[in-house]
Structures are given as C-alpha cells and as structure tokens.
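Model, not experiment: these values are computed from the prediction. Order of appearance sets the numbers: ligands from 1, and atoms from 1 within every ligand.
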Amino acid sequence: MMHRVVGLLTLVALISCGGPKESNQDTEVKEEKALIHSFARPSEAKVKHLNLIASVDFENRVLNAKAHYDIETSDDAQKIVFDTRNLSIAKVFVDSTETKDWWIGPKVEFLGQALEITITPQAKRVSIEYVTTDGAEALQWLNPQQTAGKVQPFLFTQSQAILARTWIPCQDSPGIRYTYEATITVPSGLMALMSASNPTEIDSSGVYHFEMNQPIPSYLMALAVGDLVFQSVGANTGVYAEPSMIEATAFEFEDMQKMLESAESIYGKYAWDQYDVLLLPPSFPFGGMENPRLTFATPTILAGDKSLTALVAHELAHSWSGNLVTNRTWDDFWLNEGFTVYFERRIMEDVYGKEYADMLTLLGRQDLDKELKALADSPDDTHLKLDLEGRDPDDGMSDIAYEKGYFFLRTMEENVGRGKFDQFLNEHFSDNAFQTIITEEFLTHLKEDLLLNDEAKYKELKIDEWVYGPGLPDNCIEVSSTLFEQVNAQVGDFLAEDGKAAAIDTANWTTHQWLHFLRQLPANIGIVKMKDLDNRFSLTKTGNSEIAAEWFLRSIENSYSLADDAIEEFLIRVGRRKFLMPIYTALAEADLTKERATAIYAQARPNYHSVSSNSIDELLDYKGDGHTSK
Ligand code: BES
Ligand code: ZN
C-alpha cells in the first residue's frame, strides 16, 4: 500500500527548516552535518529503543517484520522521519493505534526514501509493519550449496555504511544511537544470532530473543541465521561457525581471550560483556565487521596457523573505537578506522611482539602508498576528513582512513611519547563512551589535552595538513622491519639473472614475510621464474587466502597461465571485496576486452553480496544476463 508521496519541494523545505526553535545554533549545525546520509530529523523526534519482531522466510527470501520504536519528541514535534530503502511498508501505528498519516518520500540515489509519520509531542511509540524486498542490499540469502554444510540455507546482513535501512526502517545515521531487543523466528533446526545477547544452542522452537542494552547506531544492527554451533575459547570469548568449521575456527582464534585482555590493559574495560566471532560462508564481502558482541568474519582468515588473526584484533578494537566512541558522520570515518588500525597493532604488538607488529605496519604502509597512487587524480579523497555529501559513503571508504589515519596517530604517539598518548586515548574513550564525535572535536581535544594548547607544537606536527590536506605529510614516521630486510636480501638474489627458487631460504617465514616477498616481485619477472617459484613452493595451491591473492596478481601480470584455474576457482568461491577488486582489475588490465574477467564474473556473481557485486559491476561495466539492478 503506497501512501501520498511527499513532493521534492516539501522535502527541501523539511531539510531547510531544521530542528525545534529552542535548540541553539550549535546543535543545529551539529545535526545538519550529522545527517548528510539520513533523512531523519532527530531533534524533532528520535528513536530511543527498538523492539523488532521478525520472521525469516527462506522460501520467499524476505523478512516479515513489525518494529516498535520508543521515541523521544521535542515540545513541538509533528513528525518522526525514518530512512527506508526498498522496503514494503504495510501498516503504521502511533501508540498502538493504526494511522494513515504517513508518507514515503521520493527515491534518492543510494539513500532510499524517507518515511514520515505524523505524531504529536505526546507520542511515546510508533510501530511499523513491513516486509523486505529483493532490493534489500544488506541481506544475503545463501542456498545450501553456498554453505560449508551444503544442507541448510544461510542468511546474513551487512548494514555498514547505509544498508540497515534496507532491512529495518531506522534513523540510519551513525550519530543516532538506540538500544534494541528482538524476537526472531527462523525455520526449526537453525540458529539466529544478532549484534546482541546470543543463544549458544539451537532452540527447536525456532524462536530466539535478543537484547542489546547499550545504545548503538543502526549500522551495527546485524542478524545471521544458519546451521550454527558455539564453542567457548575463553572466559568471555567464543566462536560460532557451521558444525564442520567449528574446530578449525576455535583453533584459529584460540588467542582471542588474550587479545581481549590485552586490549583492556591498554584502553580500559571491555564494555560489551561477551565477545564472540561468527565465521560466515566465503561470500561475506568484508574481512570482518565489528557487530557489537559478535564480530562477523570471513572464513578466508582461517589459514590453519593463526597468521591472519590481526583481523580479529581489528574488529575487537572497534569495541572501543567505533562502537563505544563512534564517528558522527561518514566524513569522519577515519576516526573509526584509523584509531582501530592503531589499536589493532598495539594489541598485536602486546600479544605477539614488536617485530610482528612492525611487519603489519610495513604492509600497511605499502597499501597506503598504493592507494595514494590510485587516488592521484582525486586528491580530496586522500584527506582524513572527507566530504561525502551527495556521494555514496562507500566511495570514501579507502585505505586512507585506515592507513593514513594509523600513521597520523602513530606520528602523534612518537612525538609525545607512548605513556602520554595512552593516557590521552584512555580519556578519549572514557569521556566519549556511547557518544559520537567528529574530527573537529577530536582535534580540539588533542590540542588542549595532549598538546596543552601549545600552538607552535600543533603547527610543527602539521596536524591540519594531516587531516585537511592531501597525501602524506613529510613528518610521517618511518618504520622498518628486520624480518622484512631478510626477505629483501632473498628477493635480490632471486631476481638476479642466475637466481633460483631452490636457493631461497624461507625457513620460519611468516605469512607476512611471504606477502612482502610476493609484493617485491616485478610484473615482468617472466614465466620461467614464476614456474620455478611455483614448483618449489606450490603457491598456486596455497590454502592461505592472502598469499593466494597476492600470487594471483603476479600470475596475471606475468601471464602465468598455470594459475588460471585456481584464480577462477577462487573468484567463484570467495566474495571478499578486498581480494576481488585487485584481481578483477588485473584481469581487466591484462586483457582490455575484459572478456575473461567478464566470463568469470558472470559465473561468480550469484555468489557475491551486493556490496561486492555493486563494486565489480562498476569496475567491469557489467550488464550481463540475469542481472537485476537493485
Ligand atoms: N567496519 C569495517 C568494515 C566496513 C567498512 C564495512 C566500511 C562497511 C563499510 C571493518 O572493521 C573493517 O575494517 N574490515 C576490514 C578488516 C581489516 C582492516 C583488518 C576488512 O573487511 O577488510
Ligand atoms: Zn574496521
């Protein structure tokens, strides 16, 4: 049922009239900026608590839901506005009485549509009955064949950055937080999990109840349903996975409790009680997603030797940077990710030693240099503080936020000393807990509390250049790694005319040393040397996804066709965008007709989540058969 559609003019008026009269200018400015990717007007009416009642229908691939929202209103509130995108809204209630006084706004590219509901300032609760559609980009419905067990279907969500609105009407700005509870009904024999208190066993009734009593932004709403089991790995840490994967998962993430305790010793108590990781099927589009209490993770980090678990440290670190202290807008994304990379490497240093962390940092620096090159024509996208107004926030989410953010914080740390910097960050997390911040507030805090208002020092550290300028300022700290230097020597020998793979001494090499080695190999090393390497080290067959992805890039650049089948198999099985993008890019560069890339993609695309397929559609300019544009 579609109600009156709000005209564009009304929408513009709505945006420009701002919040209630009594709010001061500062609050209004804050709110304006916080709402660049949301239709919500929280100063008029905002959600404080959500009670989501939903059933998961695998046959029709929809969620049937009723969402109840406890709201807080201003004295002159006339409406509450939600973000929606491709949802089918059936009924709306205000304080339990059905109302027809609601409107769906015009479609805005990637933002979706506003849902406005007329209320009075006395309203306490609104409820929305709705069904999701094929256009629910957050959701990925997997058939049994796409799971490890091959028997049961699977569903997972990915809400960050602005996809929560495709499965729940919500005030979808990272600046708006609320608590939630949910009752989710799933087919008998499956387990449902959320970013909340979770079950540890399958309930044969198929009905699960969840509570998240700490306020979170909507991009952290998450749900997964499948044939899942739980295994504890520590006092308040554990893993969920399909039964056939649980043992390998528990082994790989054995050190999680140590990581959690290390994190607490650096930046204060973990605020969310339990910390678990859910191992998803390989189509998960990210490495990890920091859903509170339950990180979602790709199975491509199961290397068998715990060598890719920095990712767990990263998602765990978000329990402070991101989930506790949240970027208020996606322009401030570096506050979430740069801090988290910094914290991740501190945890890894504490648990596995400085040499280990140095390798991660150097690989990060290589990623950063590559990203800076790739963004040479759009220098604004290399600022830490972004301007994403009118753009899909996904566009701004490059390695800049992660690695330039990291090197900025690391440069600050080295200048003031670790002790002082830690004290400052501890205060940052405790002062802003369960709140949101923007870059400018952080810089004020930094200037006043870390630099004690020393203007000269602020200038000397080039802080504004770091945050509001392009590229990498020249005071960026340098890092080195003795373990990588050993690799460099071997690369040199191997690249020499008479260099042979047999002479390379890889005893005790870690995954990171391998990555460094592979990254140093030129694009024209030639088939003979590629084959020699492969014969000695079986790189085409490696089970380590990071090493495989790097090897595949060299293989494509060098037209090493013996890796072709493995590349194709990988692209069809794995949906992690970070791997897919460079490999498809290399394939497209190696063959300008894009014939091979497109042929593989046509086969692989049904396995990908929309986050990945949207990016690769664009990369390959794909308009193939059966392509449904969402
Ligand atoms: N929060 C991000 C993932 C994300 C970012 C989802 C932007 C949607 C929009 C997560 O914490 C992350 O950074 N994941 C990385 C892991 C890594 C840097 C260790 C990933 O998935 O590669
Ligand atoms: Zn992250």
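- With a 6.0 Å radius and a threshold of 12 heavy atoms from other residues, nucleotides or ligands, Lys258 has its NZ atom at or below the threshold.
- Taking a cut-off of under 4.0 Å to the non-hydrogen atoms of Tyr402, the atoms of ligand 1 that pass are 2 (C), 5 (C), 12 (C), 13 (O), 18 (C).
- Heavy-atom contacts of Gln158 reach the following atoms of ligand 1: 6 (C), 8 (C) (cutoff under 4.0 Å).
- By heavy-atom distance, the residue among Glu403, Glu337, Arg576 lying nearest atom 2 (C) of ligand 1 is Glu337.
- Side-chain N/O atoms of Thr166 and Glu137 include no donor and acceptor closer than 3.5 Å.
- A donor and an acceptor atom, one from each side chain of Ser283 and Asn607, are nowhere located under 3.5 Å apart.
- Annotation: Phe333 places no N or O atom under 3.5 Å from an N or O atom of ligand 1; distance criterion only.
- Comment: Arg345 engages Glu403 in a salt bridge, judged by a side-chain N to carboxylate O separation of less than 4.0 angstrom.
- Residue-ligand proximity, His318 to ligand 1, at heavy-atom distances under 4.0 Å covers atoms 11 (O).
- Between Tyr267 and Tyr342, the ring planes are tilted. Angles from 30° to 60° get that label.
- Below 30°, between 30° and 60°, or above 60°: for Tyr240 and Phe230 the angle between ring planes is between 30° and 60°, a tilted geometry.
- Under the 3.5 Å distance criterion, with hydrogens and angles disregarded, a donor-acceptor pair is assigned to the side chains of Thr329 and Asp332.
- Only side-chain heavy atoms of Met397 come within less than 4.0 Å of ligand 1; its backbone N, CA, C and O stay farther off.
- Proximity of Arg577 to ligand 1 is not established, as no heavy-atom distance is less than 4.0 Å.
- Remark: minimum distance from atom 4 (C) of ligand 1 to any protein heavy atom is reached at Gln160 OE1, 3.1 Å.
- For the residue pair Tyr219 / Asn327, no side-chain donor-acceptor distance below 3.5 Å is found, with atom types taken as modelled.
- Nearest to atom 15 (C) of ligand 1 by heavy-atom distance, out of Glu344, Lys578, Glu315, is Glu315.
- Taking the six-membered ring for Trp and thresholds of 30 and 60 degrees, Trp509 and Phe517 have ring planes inclined between 30 and 60 degrees apart.
- The protein heavy-atom contact nearest to atom 21 (O) of ligand 1 is Gly287 N, 2.6 Å.
- Short contacts between ligand 1 and Glu290, defined as distances under 4.0 Å to a heavy atom of the residue, involve ligand atoms 1 (N), 2 (C), 10 (C), 11 (O).
- By the 3.5 Å distance cut-off applied to N or O atoms, Gly288 is counted among the residues near ligand 1.
- The name of the N, O or S atom in Glu337 nearest to the Zn ion (ligand 2) is OE1.
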